[in-house]
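Step one of this worksheet: look at the structure below.
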Amino acid sequence: MAIQKSGRNTQLLSIKAGKAFTASVIIAFSFLISEQVIAQNDKKANSAIIVVGKPMSNMDSAMVKQVYFSALREKTVENFSLATELFNKVIQMDPANDAAMYELANLKKQKNNYEEAQQLLEKAITVNQDNEWYWLSLADCYEKSNDVSKLENVFNELIRINPDKPDYYYDKANVYFLQKRYDEALKVYDQLELIIGPDDDLLANRQKIYLKQGKVDLAAQQLDKMIDANPSQIKYYLFLSELYNANGFADKALKVLQTAEKISPDNGLVHLALADIYRDKKDYEASYDQLSFAFAIPDIDINQKIKIVLGYLPKFPDPDAKASALELSRILTVAHSNDARAYAIYGDMLLQNDKVTEAKAMYQKSISLNSQVYEVQEQLVRIELGSNDLDGAIKDGEYSLSLFPNQAWMNYLVGIAWLQKKDSHKALSYIKNATSLEFQDKDLLSQSYSSLGDCYHDLKDNKNSDDAYDKALSYNPDNVFTLNNYAYYLSVRGEHLDKAAAMSKHSNDLQPSNASFEDTYAWILFKQKDYATAKQWMEKALTDDKAISAVKLEHYGDILFYLGNIDDAVENWKKAKANGGKSPFLEQKINEKKYVE
């Protein structure tokens with residue numbers, strides 16, 4: 001059980017040495033405290049003698065002090081075992097030595113032996129009832145053991161010893177709160193108010209009690225008093241509106257906020273609260289207007305605003321939601337013009353609205369303000385690759401890798417840019433890096449090994465190419481582009497045609513009506529001399545081909561030739577040439593009216 005203090009720090013029960021302090025300073029400080037405790041014990045020596053039943057001689061007293069200070073030295077140098085032994089020896093020699101009991105109790109706590117620590121502290125306070133630290137340490141023991149009933153007396157004693165310390169009143173009231181003794185807790189807060197006056201912590205704690213009691217009206221009255229006393233303090237209007245709204249009085253909450261808006265029209269928190277109220281009332285236009293006002297105010301934390309923008313994402317692709325998120329994120333860049341996060345989130349929303357060019361500019365602006373956010377740089381490079389800005393992708397990707405060299409995806413993206421620029425050697429280097437940096441992301445690994453297959457194919461290294469494609473399919477057997485490319489390259493080489501046919505058929509099953517995949521499958525069937533089936537698949541490819549591919553027309557002519565349709569074959573070879581076909585044997589096929597390989 002932890003005692004709550006409305007955000008206050010827990011009272012320190014012991015002092016631990018920091019590295020900046022020398023051991024000698026700590027020992028001297030400990031000696032000073034101990035001398036004070038011992039001096040107090042000397043003043044009440046008679047009562048101590050009564051407790052132990054045996055007076056101590058001066059020699060005995062000197063011996064006790066010597067052993068006690070030796071124990072403190074060992075504790076200071078963190079020789080806790082010897083310190084424990086020496087403190088125990090002190091108590092054996094002087095059973096009424098409350099200082100040794102306190103120190104030994106704290107050593108017991110370090111080993112989570114709160115039961116023995118509690119027993120020692122309970123003895124210590126019978127010897128010295130006015131030591132504040134003893135009571136605080138004992139309170140810690142009771143808290144750890146959830147012995148709430150005993151805490152009441154502890155805080156009573158602490159208030160007696162130090163009646164001007166607010167923390168002890170908060171602690172005592174919280175004990176009553178945990179015991180559901182709400183009226184008694186309120187009386188403690190009344191006592192505390194006489195000492196410190198009206199206070200936000202007092203207000204919050206009283207509110208908590210009133211709401212537990214179901215007395216919303218009393219909770220509201222407290223806030224009304226604070227508003228009357230501080231009519232320009234907007235926070236009290238916000239507290240009151242939240243109280244009303246949380247308890248089903250939305251109209252009252254709205255009225256309070258409208259009053260606050262008149263007093264402080266530029267308070268962003270008021271506009272956000274109004275947006276919530278209007279949204280709950282399903283007045284979405286008014287809610288959005290209030291959000292717009294709030295987003296334009298720089299004083300509101302940008303992270304809070306970003307969370308609101310991201311809250312629209314579950315509603316996508318609803319056009320109204322996308323438009324609202326886009327406009328709010330644009331306002332962010334005006335209100336927070338020097339914050340990279342504003343441009344990054346605006347870039348994201350532009351991308352969601354298919355405004356790719358504008359999104360790219362926002363990501364670039366974000367990076368110029370803060371280059372330490374990797375995700376923004378990856379988005380930028382992805383956009384550049386998608387728009388075929390290969391030089392931009394390489395430039396920005398290599399800059400990103402200078403800052404984040406171990407990012408597997410960025411290595412892959414830069415490698416793809418080099419691959420598309422037909423520089424397979426450079427591509428190979430980056431994509432290999434990606435495979436060495438990533439071990440869990442199967443999607444990235446499949447794509448990377450597939451691209452390595454493409455690189456090795458371009459370099460005419462068929463063995464490594466095949467191995468890479470096989471590795472890609474081991475991570476994702478349904479990688480359609482790997483299936484298609486691998487199958488096609490095998491068919492061109494006339495190798496493993498059954499394997500090629502199976503892979504190509506699978507790619508078509510996964511992605512029907514893809515003209516390129518259908519062309520690959522038709523070509524493999526052609527290589528297998530299954531010309532009739534090849535013709536069917538090539539006709540499907542031509543039907544699904546929106547671009548009228550010269551390669552497909554030439555392949556169709558090849559198939560028709562072997563089916564004996566010489567004239568139709570020549571006609572399709574001519575169409576292929578007319579559509580830009582430049583295969584080395586196309587002209588010869590047309591002139592000689594026969595298939596040439």
Side-chain angles (χ1 to χ4, degrees), residues 351 373-390 392-493 495-496 499-511 514 516-517 520:
L351 207 55
V373 183
Y374 167 75
E375 290 77 10
V376 179
Q377 298 186 24
E378 185 178 311
Q379 282 283 56
L380 173 61
V381 174
R382 285 180 180 275
I383 285 176
E384 289 168 333
L385 269 179
S387 58
N388 206 36
D389 180 7
L390 302 180
I394 290 170
K395 174 177 173 292
D396 291 324
E398 290 183 342
Y399 170 72
S400 179
L401 287 173
S402 72
L403 300 173
F404 307 99
N406 295 326
Q407 288 292 339
W409 269 107
M410 188 59 76
N411 274 282
Y412 169 75
L413 294 173
V414 174
I416 291 300
W418 280 115
L419 183 60
Q420 291 183 11
K421 282 178 72 71
K422 309 300 183 185
D423 192 332
S424 296
H425 287 287
K426 285 187 177 179
L428 205 61
S429 173
Y430 284 103
I431 299 171
K432 277 185 175 180
N433 284 345
T435 62
S436 67
L437 290 168
E438 180 56 57
F439 302 100
Q440 301 296 326
D441 188 337
K442 291 186 177 182
D443 180 46
L444 173 59
L445 288 166
S446 180
Q447 292 188 50
S448 295
Y449 279 108
S450 181
S451 297
L452 284 177
D454 294 342
C455 289
Y456 285 122
H457 171 77
D458 290 345
L459 295 170
K460 305 189 185 318
D461 185 344
N462 293 335
K463 182 182 183 307
N464 277 324
S465 178
D466 291 354
D467 289 345
Y469 286 135
D470 285 330
K471 197 79 176 281
L473 293 172
S474 74
Y475 286 108
N476 181 8
D478 296 333
N479 187 327
V480 290
F481 293 103
T482 304
L483 290 165
N484 178 72
N485 291 353
Y486 190 12
Y488 181 72
Y489 294 145
L490 287 175
S491 71
V492 169
R493 284 155 35 199
E495 299 175 3
H496 308 294
K499 179 179 180 178
M503 289 191 295
S504 182
K505 180 64 169 63
H506 187 41
S507 71
N508 279 282
D509 291 340
L510 291 169
Q511 199 171 105
N514 183 308
S516 179
F517 295 174
T520 297

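In this text, all values refer to a predicted model and were calculated from it rather than measured experimentally.
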Stepwise side chain to side chain contact (heavy atoms under 4.5 Å, CB included) test for Lys421 and Ile394 | CA-CA 10 Å; Lys421 282 178 72 71; Ile394 290 170; 3.4 Å; yes
Excluding sequence neighbours, so at least two apart, what forms side-chain contact (heavy atoms from CB on, under 4.5 Å) with [X]?
| X | result |
| --- | --- |
| Ala434 | Asn411, Tyr412, Ser448 |
| Ala500 | Ala487, Leu490, Ile524 |
| Lys432 | Leu428, Leu452, Tyr456 |

Rounded to the nearest 0.5 Å, how far does [atom2] of [Y] lie from [atom1] of [X]?
| X | Y | atom1 | atom2 | answer |
| --- | --- | --- | --- | --- |
| His506 | Leu510 | NE2 | CG | 4.0 Å |
| Lys505 | Leu483 | NZ | CG | 12.5 Å |
| Ser516 | Asn508 | OG | CG | 9.5 Å |
| Met503 | Asn479 | CE | CG | 11.5 Å |
| Tyr430 | Leu419 | OH | CG | 14.0 Å |
| Leu413 | Trp418 | CG | CH2 | 15.0 Å |

What salt bridge (charged side-chain N to carboxylate O under 4.0 Å, His left out) pairs are there with at least one residue in residues 469-480, not counting sequence neighbours?
->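 Of all non-adjacent pairs touching residues 469-480, those that pass salt bridge (charged side-chain N to carboxylate O under 4.0 Å, His left out) are Asp470-Lys499.
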Could you name each residue pair satisfying salt bridge (charged side-chain N to carboxylate O under 4.0 Å, His left out) that touches residues 442-467, not counting sequence neighbours?
-> Lys463-Asp467, Asp466-Arg493
Donor-acceptor pair, side chain of Ser446 and main chain of Ala472, under 3.5 angstrom | yes
Backbone of Tyr488 reached by a side-chain donor or acceptor of Ser491 within 3.5 Å = yes
Going by the rule side chain to side chain donor-acceptor pair (under 3.5 Å), which residues pair with [X] if we only count those two or more places apart in sequence or in a different chain?
| X | result |
| --- | --- |
| Thr520 | Asn484 |
| Ser451 | none |
| Asn514 | Gln511 |
| Ser465 | none |

How would you list, by chain and number, every residue that makes a salt bridge (Lys or Arg N to Asp or Glu O under 4.0 Å) with Lys426, sequence neighbours excluded?
-> none
Set of residues satisfying salt bridge (Lys or Arg N to Asp or Glu O under 4.0 Å) with respect to Glu438, sequence neighbours excluded | none
Please table the atom pairs, donor to acceptor, closer than 3.5 Å between any side-chain atom in residues 399-410 and protein atoms at least two apart or in another chain.
residue	atom	partner	partner atom	Å
Ser400	OG	Gln377	OE1	2.8
Ser402	OG	Tyr399	O	2.4
Trp409	NE1	Asp441	OD2	3.1

Determine the interplanar angle of the Phe517 and Phe481 rings, folded into 0 to 90°, and report it as parallel if under 30°, tilted if 30 to 60°, perpendicular if over 60°.
->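 The rings of Phe517 and Phe481 stand perpendicular, inter-plane angle above 60°.
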Looking only at heavy atoms, what is the nearest atom pair of Gln420 and Leu390, with distance?
->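 That would be OE1-CD2, 3.2 Å.
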Which atom of Leu385 lies closest to which atom of Ala393, heavy atoms considered = CG-CB, 4.1 Å
Flag the pair Leu351 / Ile383 as yes when at least one side-chain heavy-atom distance between them is below 4.5 Å, and no otherwise.
-> yes
Report yes if some heavy atom in the side chain of His425 is under 4.5 Å from a heavy atom in the side chain of Leu459; otherwise report no.
->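 SC-SC contact between His425 and Leu459 confirmed.
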